[in-house]
Amino acid sequence: ETGVTQSPTHLIKTRGQQVTLRCSSQSGHNTVSWYQQALGQGPQFIFQYYREEENGRGNFPPRFSGLQFPNYSSELNVNALELDDSALYLCASSSSRMPGASTEAFFGQGTRLTVV
Amino acid sequence: AQSVAQPEDQVNVAEGNPLTVKCTYSVSGNPYLFWYVQYPNRGLQFLLKYITGDNLVKGSYGFEAEFNKSQTSFHLKKPSALVSDSALYFCAVRDRTGTASKLTFGTGTRLQVTL
């Protein structure tokens with residue numbers, strides 16, 4: 001177990017709705033990144049939060065937004081859901097903005113989102 | 001931008017035989033490379049990383065990886081495969097966007113170990 005927990009584990013939403021996914025990072029980790037993993041593909045970087053501020057974003061539209069709280073937990077919000085948003089959403093925490101330099105990123109088990 | 005490629009969608013190995021899962025990389029500068037494993041309905045589990053130093057990196061569950069700069073490769077290996085090693089394996093490279101450091105993943109290789 002990595003100590004990174006995500007909720008809920010599964011979710012079904014209707015096209016056009018909004019969804020909030022949650023992530024509790026590993027103790028002592030101040031950086032959270034979110035990834036989208038579509039079926040049969042590798043995870044794609046959505047954005048990263050460091051000390052409550054977004055400090056980098058992948059190629060995702062503005063309807064994907066997030067928050068990081070003082071305890072370093074995080075939320076991913078997706079508005080106006082589309083069918084293509086169906087995927088596994090992974091949260092990763094690390095103790096540095098630069099995972100890999102001295103530490104790796106630890107992933108949660110993911111939230112499986114299905115948009116119908 | 002940094003990238004990695006996993007040329008094999010699936011690798012089949014008999015239990016007890018050695019296994020290799022291939023990864024090649026394309027980076028500017030020094031590569032920071034990773035292997036992760038994903039079991040069904042689970043998140044990604046870290047196996048090992050290469051930052052600098054020895055070209056042979058040892059990781060979790062008996063896995064190791066060989067960094068080869070001349071061939072720009074970072075293949076994952078295990079001397080003796082187990083049925084329980086059957087899973088989806090991802091190679092990744094550290095990349096940057098804005099002031100963030102992210103992981104850029106390959107498309108994954110499914111490892112099937114049979115009795």
Side-chain angles (χ1 to χ4, degrees), chain A residues 1-7 9-10 21 23 25-26 30-51 53-60 66 68 88-112, chain B residues 1-10 21 23 25 27 29-53 57 59-60 63 65 67 74 87-110:
Chain A
E1 295 298 325
T2 63
V4 180
T5 57
Q6 293 185 241
S7 62
T9 54
H10 295 83
L21 310 182
C23 173
S25 58
Q26 186 165 315
N30 56 17
T31 303
V32 174
S33 301
W34 286 90
Y35 291 80
Q36 180 197 66
Q37 185 180 13
L39 197 62
Q41 298 183 22
Q44 300 289 318
F45 176 76
I46 302 176
F47 44 57
Q48 182 182 87
Y49 279 82
Y50 173 69
R51 293 186 177 180
E53 291 191 4
E54 183 182 302
N55 71 329
R57 190 177 185 91
N59 189 26
F60 282 82
Q68 188 181 30
L88 181 67
Y89 288 85
L90 296 164
C91 166
S93 77
S94 63
S95 60
S96 165
R97 264 190 297 187
M98 303 177 66
S102 60
T103 183
E104 55 273 7
F106 293 93
F107 285 81
Q109 83 284 5
T111 294
R112 173 74 61 188
Chain B
Q2 324 285 51
S3 66
V4 290
Q6 295 181 245
E8 303 157 315
D9 290 335
Q10 180 156 329
V21 182
C23 173
Y25 64 87
V27 304
N30 295 320
Y32 289 179
L33 298 162
F34 303 80
W35 276 101
Y36 283 83
V37 60
Q38 187 174 37
Y39 295 98
N41 301 314
R42 302 286 295 276
L44 299 173
Q45 295 181 28
F46 170 78
L47 282 178
L48 51 81
K49 65 182 178 183
Y50 173 82
I51 304 299
T52 186
V57 179
S60 306
F63 284 93
F67 173 73
F74 188 56
L88 190 56
Y89 290 80
F90 289 98
C91 180
V93 62
R94 197 188 80 177
D95 196 0
R96 299 200 187 197
T97 179
T99 58
S101 182
K102 65 172 184 174
L103 292 171
T104 295
F105 288 87
T107 50
T109 297
R110 186 165 300 283

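Chain letters run A, B, ... following the sequence lines, proteins first, then strands; residues in each count from 1.
- In this structure, chain A has no heavy atom under 4.5 Å from any part of B/Gln6.
- For A/Phe47, no part lies under 4.5 angstrom from a heavy atom of chain B.
- For the residue pair B/Gly43 and A/Leu90, the shortest heavy atom distance occurs at CA-CD2, 3.9 Å.
- The environment of CD in B/Gln10 is crowded: more than 12 heavy-atom neighbours from other residues, nucleotides or ligands sit within 6.0 Å.
- Panel note: side chain B/Tyr36, backbone A/Phe107; no donor-acceptor pair is recorded below 3.5 Å.
- For B/Arg110, the CZ atom sits in a loose shell: 12 or fewer heavy atoms of surrounding residues, nucleotides or ligands are nearer than 6.0 Å.
- Atoms CG and CZ, on B/Asp95 and A/Phe45 in that order, are 9.5 Å from each other to the nearest 0.5 Å.
- Of the atoms belonging to A/Gln37, it is side-chain heavy atoms, and not backbone ones, that fall under 4.5 Å from chain B.
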